[in-house]
Chemist: 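One structure coming up, written as structure tokens, with questions to follow.
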Amino acid sequence: MTRFLENSAPGTLQTSKVVKAIRAVQSKRIEILVEGEAETRRYGHVISTVPPPVLRTLDIDEAGFSNSQRSALRQVSYVPAVKIGVKFKSQWWKNWVGKDGEQLNITGGESYTDRMIRLVVYPSYGLEGPDLTTVLIASYVWASDATYLGSLINSGVEADMRLKTIVLQDLARLHNIPLSMLEGEYVDHFAFNWQHDPFAQGKPRGAAFFRPGQFESF
């Protein structure tokens with residue numbers, strides 16, 4: 001997306017800019033104060049895609065928000081989320097045979113489980129040829145499930161090995177395959193906890209949880 005926009009309209013897309021304040025001024029003008037810039041930027045229209053928890057950290061006292069908008073920013077809950085990707089040597093979820101003798105033959109889609117990994121997402125692209133992908137979203141969790149796994153992310157080598165063990169054990173159990181075979185297919189893993197990201201502050205896309213009556217009110 002960044003490359004497409006830069007090619008379409010060179011110089012219009014700016015990255016690595018931190019907004020400090022948003023102000024609504026007269027004549028339907030919006031002022032944006034960017035960190036490190038002495039002069040404010042002025043626009044006729046602004047669309048903000050900043051996650052609401054992050055938006056609250058900006059100076060928005062003069063942004064012109066209504067009382068209900070400010071209440072929504074303060075009261076709507078955003079739960080923690082964790083995603084874990086694992087790279088394997090092959091697409092075992094397509095080609096392997098389970099302990100029951102049935103071929104897994106999984107292409108795209110999701111699997112749900114009551115084990116700690118909760119949700120597994122299978123690739124629906126890169127299925128063959130030079131673009132073949134062997135990366136699996138081995139876990140995508142929210143709320144309390146994310147709190148449990150999130151405690152093992154960026155917490156040292158031992159915690160990282162514990163996380164790897166949990167993920168591989170749950171994948172083996174979910175797909176009814178030997179753990180030893182899955183360990184032999186393992187290449188690497190990467191885990192991301194949105195609560196550790198200062199530009200998300202715990203909120204991935206679509207992770208708002210409304211309490212009773214809030215969806216109608218806000």
Side-chain angles (χ1 to χ4, degrees), residues 1-85 109-110 112 117-119 121 124 137 139-155 190-218:
M1 178 64 74
T2 301
R3 186 164 51 250
F4 172 79
L5 291 175
E6 182 61 29
N7 291 336
S8 301
T12 58
L13 180 65
Q14 299 182 33
T15 60
S16 302
K17 300 291 184 179
V18 178
V19 174
K20 296 180 62 178
I22 302 175
R23 304 187 183 103
V25 296
Q26 293 180 346
S27 302
K28 298 182 180 180
R29 303 291 290 180
I30 304 295
E31 290 186 348
I32 302 294
L33 179 61
V34 178
E35 188 176 83
E37 297 183 5
E39 298 292 330
T40 58
R41 303 186 183 197
R42 293 177 174 83
Y43 302 98
H45 189 75
V46 171
I47 298 175
S48 173
T49 60
V50 177
V54 180
L55 185 60
R56 293 188 65 197
T57 68
L58 308 184
D59 178 0
I60 54 175
D61 290 345
E62 301 176 31
F65 292 154
S66 67
N67 288 334
S68 61
Q69 288 172 325
R70 292 182 180 277
S71 295
L73 285 175
R74 184 179 69 255
Q75 296 179 28
V76 173
S77 300
Y78 295 90
V79 299
V82 163
K83 183 180 286 187
I84 304 170
E110 303 169 343
Y112 294 85
I117 59 173
R118 299 295 285 167
L119 170 65
V121 183
S124 54
I137 298 178
S139 179
Y140 193 8
V141 293
W142 302 270
S144 57
D145 293 315
T147 301
Y148 305 146
L149 290 182
S151 65
L152 300 175
I153 298 174
N154 298 330
S155 298
F190 180 80
F192 192 83
N193 184 352
W194 271 270
Q195 285 200 303
H196 293 165
D197 183 354
F199 298 110
Q201 296 186 2
K203 182 200 177 297
R205 179 175 61 88
F209 276 67
F210 293 96
R211 297 187 178 94
Q214 286 188 337
F215 188 83
E216 181 178 358
S217 300
F218 298 139

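What you see below is based on every heavy atom in this structure, not just the backbone, and it leaves out hydrogens, waters and symmetry mates.
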Chemist: Which atoms form the tightest heavy-atom contact between W142 and V79, and what is the distance?
Modeler: CB-CG2, 4.2 Å
Chemist: Could you grab the distance from atom CD1 of I84 to atom CZ of F190, nearest 0.5 Å is fine?
Modeler: 11.0 Å
Chemist: Check whether any side-chain N or O of S155 sits under 3.5 Å from a backbone N or O of I153 as a donor-acceptor pair, and report yes or no.
Modeler: yes
Chemist: Search all heavy atoms of D61 against all heavy atoms of R70 and return the closest pair with its distance.
Modeler: O-NH2, 3.3 Å
Chemist: Start with the C-alpha gap between I32 and I22, add the side-chain angles, then the distance that decides, and say whether side-chain contact (heavy atoms from CB on, under 4.5 Å) holds.
Modeler: CA-CA 5 Å; I32 302 294; I22 302 175; 3.8 Å; yes
Chemist: Answer yes or no: is there a donor N or O on one side and an acceptor on the other, between the side chain of D145 and the main chain of V141, under 3.5 Å?
Modeler: no
Chemist: For the CD atom of Q69 and the CZ atom of R74, what is their distance to the nearest 0.5 Å?
Modeler: 13.0 Å
Chemist: List the atom of I117, the atom of S139, and the distance in Å for their closest heavy-atom pair.
Modeler: O-OG, 2.9 Å
Chemist: What pair of heavy atoms forms the shortest contact from A24 to A63, and how long is it?
Modeler: CB-O, 3.6 Å
Chemist: For N7, look at atom CG and say whether over 12 heavy atoms of other residues, nucleotides or ligands are found less than 6.0 Å away.
Modeler: yes
Chemist: Are any of the side-chain nitrogens in E35 or K17 under 4.0 Å away from the carboxylate oxygens of its partner?
Modeler: no
Chemist: Give, for atom OG1 of T15 and atom CG of L5, the distance between the pair rounded to the nearest 0.5 Å.
Modeler: 11.5 Å
Chemist: Could you walk me through whether V82 and W194 pass side-chain contact (heavy atoms from CB on, under 4.5 Å), step by step?
Modeler: CA-CA 6 Å; V82 163; W194 271 270; 5.8 Å; no
Chemist: Just wondering, do V34 and T40 contact through their side chains at under 4.5 Å, heavy atoms?
Modeler: no
Chemist: Does K83 qualify as a cation-pi partner of Y140, given the criterion of NZ or CZ under 6.0 Å from the six-membered ring centre and within 45 degrees of its axis?
Modeler: yes
Chemist: Looking at R3, is its backbone amide N or carbonyl O close enough to the side chain of E6 to form a donor-acceptor pair, meaning the two atoms are under 3.5 Å apart?
Modeler: no
Chemist: Atom OG in S48, atom CG in L58: separation rounded to 0.5 Å?
Modeler: 7.5 Å
Chemist: Kindly compute the distance separating CZ (F192) from CG (D197), expressed to the nearest 0.5 Å.
Modeler: 4.0 Å
Chemist: What are the two closest heavy atoms between N154 and H196, and how far apart are they?
Modeler: ND2-ND1, 3.4 Å
Chemist: Does a side-chain heavy-atom distance below 4.5 Å link L55 with I60?
Modeler: yes
Chemist: To the closest 0.5 Å, what do you measure between CG (L33) and CZ (R23)?
Modeler: 5.5 Å
Chemist: Kindly give the heavy-atom pair with the smallest separation between A146 and P80, and that separation in Å.
Modeler: CB-O, 3.5 Å
